[in-house]
Amino acid sequence: MLDPRLLRTELDEVAMHLARRGLVLDQARIEDLERERKQRQVEVESLRGERNSRSKAIGKVKGAGGDIAPLLAEVADLGARLATAETRLDAIQGELEQIGLELPNLPDPSVPDGRDERDNREERRWGEPPSFSFEPRDHVDLGAFNGWMDFDLAAKVTGSRFVVLSGPLARLHRALIQFMLDTHTEEHGYKEVYVPYLVNTDSLLGTGQLPKFAADLFKVPGERDFYLIPTAEVPVTNLVRDLILDEGELPRKWVAHTPCFRSEAGSYGKDTRGMIRQHQFEKVELVQVVRPRESLQALEALTGHAETILQRLGLAYRVVSLCAGDLGFGASKTYDLEVWLPGQQTYREISSCSTYSDFQARRLQARWRNSETGKPELVHTLNGSGLAVGRTLVAILENYQKADGRIQLPEVLRPYLGGQEVLG
RNA sequence: GGAGAGGUGGCUGAGCGGUCGAAAGCGGCGGUCUUGAAAACCGUUGACUCGCAAGGGUCCGGGGGUUCGAAUCCCUCCCUCUCCGCCA
C-alpha cells in the first residue's frame with residue numbers, strides 16, 4: 001500500500017512514478033473522492049465532538065442529581081444525523097481503501113525505464129555456459145532416461161503440472177535444500193525458521209497477494225478459509241505483522257525452506273514441458289526486515305547471497321534489473337537471477353530478489369522504534385529466492401550431464417550425497 | 001469431538017454504563033547519586049489521524065445492536081489457552 005498522505009498531497013508525483021509502470025492513474029476520480037472524504041470527515045467529527053461533549057454534560061448533571069430530561073430533548077436527533085453522516089463517510093472511505101489496496105508500489109529511481117521483460121537491464125554475468133561434445137538433452141529426457149522423473153505418474157496421482165521424483169534425484173533434491181539452508185545460516189547470518197504452509201487472508205493481504213491476485217492461489221475452504229502459500233515470503237514476512245520492533249532487533253534475517261503452491265492461472269500454454277512451471281515446488285527463501293535507509297544496500301547483499309549458491313554450484317547465470325514495467329506488484333526494485341539452461345539454450349529465472357520498501361510494512365503494520373525520533377516508523381521488507389529448488393535441480397541436470405546421460409555432481413553437494421561424484 | 005477460561009497500551013495486568021485513553025508493575029527515555037556502571041530514588045512515557053497552532057476525532061479481538069453516552073450490557077463471528085478424547 002502506498003502512503004495515503006502521498007496520495008492526498010503529492011498525487012501528481014505518484015501518478016508520474018506509476019506511469020513508469022505503464023499504469024494510468026485516474027487522478028480526477030481520486031481527487032473527487034478525496035475532496036468529498038475530507039468534507040464528510042469534518043462533518044462526522046464535528047457531530048461526534050458535539051455528541052461527546054453533550055453526553056459528558058448529561059453525565060455531570062445526572063451525577064449531581066439534576067434533571068436531565070431537557071438535555072436529552074436537545075440531543076434527540078443528534079444520533080440519527082451522525083449515523084447518516086457516518087454511512088456516507090464509510091462508503092467513500094471504503095472506495096478509497098479499495099483503490100489504495102490495488103495500487104502497486106512506486107519504482108525506485110534506480111530502476112530502469114521500460115515496458116516489459118525486453119527492457120530489463122542486464123547487470124552482470126557470472127560463469128561460462130558449458131560446451132558439450134554431444135547434443136545436450138533437457139532435464140525431462142535426462143530424468144526419464146535415468147528413470148528418476150515421472151510426470152505421468154504425478155498426473156495420475158494428482159494432475160498436470162506435478163512431478164514424481166525418485167531415487168537419486170529425490171535425494172539430490174533434498175541435498176540442494178540442505179546445502180542452501182546451511183550456506184545461508186552458517187555464512188550469511190540468516191536464522192532458519194519453520195513456518196506454516198497454510199496462511200489466513202490477513203497474511204496474504206499483508207504481503208500483497210490479496211486482494212488482487214486471488215486467482216494465483218490455491219484456496220482451502222473450511223470453517224475458516226486458508227490458502228496454500230505461494231512462497232515462504234508470506235508466512236515469514238508476516239512474522240513481523242503488527243509488531244513494533246526495537247531498533248536493536250533490526251535487521252532481521254530469516255531463511256526458510258517451504259513448498260510453494262501456485263495455481264498458475266493465466267499461464268496455461270507456458271512452459272508446459274518439464275519442471276519449470278509446476279503447481280508445487282520447493283524454495284529456500286531469504287527474508288530481511290530492515291531500517292528504511294538500509295534497504296537498497298540490503299537488496300544488493302541479499303542478491304549476493306542468492307548468487308553465492310549459484311557460484312558454489314558452478315552454474316552460469318546473469319543478473320537482470322527489472323525495468324519499471326516488469327516489476328512485481330509490491331516491489332520497488334527487483335533483481336532476477338537467471339541460470340543458463342543448456343536444454344533451452346537460454347537463461348531462465350531461478351531467483352527473484354526484491355525490496356518492497358515500506359509497501360508491505362504499511363499493510364502489515366510492521367514498525368520499528370526510531371531511537372532518534374522515539375516514534376514508530378515503518379520497516380522495509382525484502383525477500384528473494386535462495387534459490388528455487390526445482391529449477392536448481394533442472395539446472396544441475398542439464399549443466400552437469402555427461403555423454404552417457406549420467407550426472408556429474410558439483411563438489412559442494414557431494415558431502416550431502418554420501419561423497420558420490422556421479423549421481424546414482 | 002466434549003467441557004471450561006479468556007482476548008485491554010511495547011509487555012504483564014486492573015477496570016460500578018458517565019470526569020477511562022484507561023490503575024499498577026515491567027520495559028523505554030531523562031535526571032539525582034557514582035571515577036564509570038549497577039542498585040536506589042525522582043520525573044517522564046500508547047498508537048493512528050485532521051490542523052500552522054490551539055485543539056478535534058478514532059482505537060480496549062472483528063462485526064452488529066441497546067443507550068443521550070459502551071472497554072463495561074446484548075447478539076454474532078474469529079482467535080488464544082486449559083482439561084478430556086482421538087491422532088502424525
Side-chain angles (χ1 to χ4, degrees), chain A residues 1-11 31 33-94 96-97 100-101 194-206 210-211 219-227 235 238-250 252 259 289 291 358 361-379:
Chain A
M1 196 158 49
L2 298 176
D3 186 347
R5 200 168 326 186
L6 272 186
L7 233 39
R8 277 196 296 268
T9 61
E10 313 283 343
L11 191 56
E31 279 166 356
L33 281 170
E34 189 47 48
R35 198 174 305 117
E36 191 169 358
R37 195 222 92 236
K38 199 160 193 169
Q39 194 182 322
R40 297 293 179 205
Q41 184 151 339
V42 168
E43 183 186 352
V44 163
E45 289 188 3
S46 79
L47 279 171
R48 278 208 274 245
E50 188 178 346
R51 180 201 61 189
N52 289 350
S53 61
R54 297 261 189 173
S55 292
K56 218 165 247 188
I58 291 173
K60 272 184 188 161
V61 170
K62 197 179 176 189
D67 178 14
I68 60 171
L71 293 173
L72 288 183
E74 281 177 36
V75 295
D77 66 330
L78 231 183
R81 277 160 58 206
L82 180 58
T84 49
E86 279 177 332
T87 305
R88 284 191 299 230
L89 178 61
D90 282 350
I92 292 158
Q93 278 179 332
L96 277 168
E97 195 175 322
L101 279 175
Y194 170 81
V195 291
Y197 303 158
L198 288 168
V199 292
N200 57 35
T201 52
D202 284 345
S203 291
L204 288 159
L205 281 169
L210 289 179
K219 187 175 183 173
V220 182
E223 276 185 35
R224 188 163 185 227
D225 290 342
F226 292 131
Y227 292 83
N238 270 278
L239 294 176
V240 294
R241 169 148 55 91
D242 293 327
L243 293 184
I244 299 178
L245 298 165
D246 285 334
E247 191 163 358
E249 294 180 85
L250 296 177
R252 313 292 318 247
V289 176
R291 296 185 294 187
D358 60 10
R362 187 168 293 108
R363 292 166 166 243
L364 293 161
Q365 281 302 297
R367 294 171 292 175
W368 64 294
R369 196 172 293 277
N370 186 333
S371 59
E372 285 173 27
T373 63
K375 291 284 181 189
E377 297 175 14
L378 295 169
V379 297

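Each chain gets a letter, A, B and so on, in the order its sequence line appears, and its residues count up from 1. Atom set for the values below is all heavy atoms of this structure, side chains included, hydrogens, waters and symmetry mates excluded.
- Under the side chain to side chain contact (heavy atoms under 4.5 Å, CB included) criterion, A:Gln41 pairs with A:Arg37, A:Glu45, A:Leu89, A:Gln93, not counting sequence neighbours.
- Scored by the salt bridge (Lys or Arg N to Asp or Glu O under 4.0 Å) test, A:Asp67 finds no partners at all (sequence neighbours excluded).
- Between the CD atom of A:Glu247 and the C1' atom of B:C29 there is a distance of 14 Å, rounded to whole Å.
- Here the C1' atom of nucleotide B:U49 and the CD atom of A:Glu97 are 14 Å apart, to the nearest Å.
- A:Asn370 pairs by the side-chain hydrogen bond (donor to acceptor under 3.5 Å, both in side chains) definition with A:Glu377, not counting sequence neighbours.
- Every side-chain hydrogen bond (donor to acceptor under 3.5 Å, both in side chains) that A:Arg241 has, sequence neighbours left out, goes to A:Ser203, A:Asn238.
- We find that CZ of A:Arg367 is positioned 13 Å from C1' of B:U49, with the value rounded to whole Å.
- With sequence neighbours left out, the side chain to side chain contact (heavy atoms under 4.5 Å, CB included) criterion links A:Asp225 to A:Lys219, A:Pro221.
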Shorter than 3.5 Å, N or O on both sides, protein versus nucleotides 18-21 of chain B: list them out with atom names.
residue	atom	partner	partner atom	Å
B:G18	O6	A:Lys62	NZ	3.2
B:G18	N2	A:Ser55	O	2.8

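- A:Arg54 is linked by a salt bridge (Lys or Arg N to Asp or Glu O under 4.0 Å) to A:Glu50, A:Glu74, counting only residues two or more places apart in sequence or in another chain.
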**Report entry** Contact state string [nucleotides 73-79 of chain B, B base, S sugar-phosphate only, - no protein heavy atom under 4.0 Å]
**Finding:** -----SS
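- A close approach under 4.0 Å does not occur between any side-chain nitrogen or oxygen of A:Arg48 and OP1 or OP2 of B:G69.
- In this structure, CG of A:Asp358 is placed 16 Å from C1' of B:C48, rounded to the nearest angstrom.
- Side-chain nitrogen and oxygen atoms of A:Asn52 include at least one within less than 4.0 Å of the OP1 or OP2 phosphate oxygen of B:G57.
- By the side chain to side chain contact (heavy atoms under 4.5 Å, CB included) test, A:Glu86 pairs with A:Val44, A:Arg48, A:Leu82, sequence neighbours left out.
- For A:Arg51 and B:U58, the shortest distance from a side-chain N or O to OP1 or OP2 is below 4.0 Å.
- The nearest whole Å value for the distance from the CD atom in A:Glu50 to the P atom in B:G55 is 21 Å.
- Atom-to-atom, CG of A:Leu245 to C1' of B:G27 comes out at 15 Å; the value is rounded to the nearest Å.
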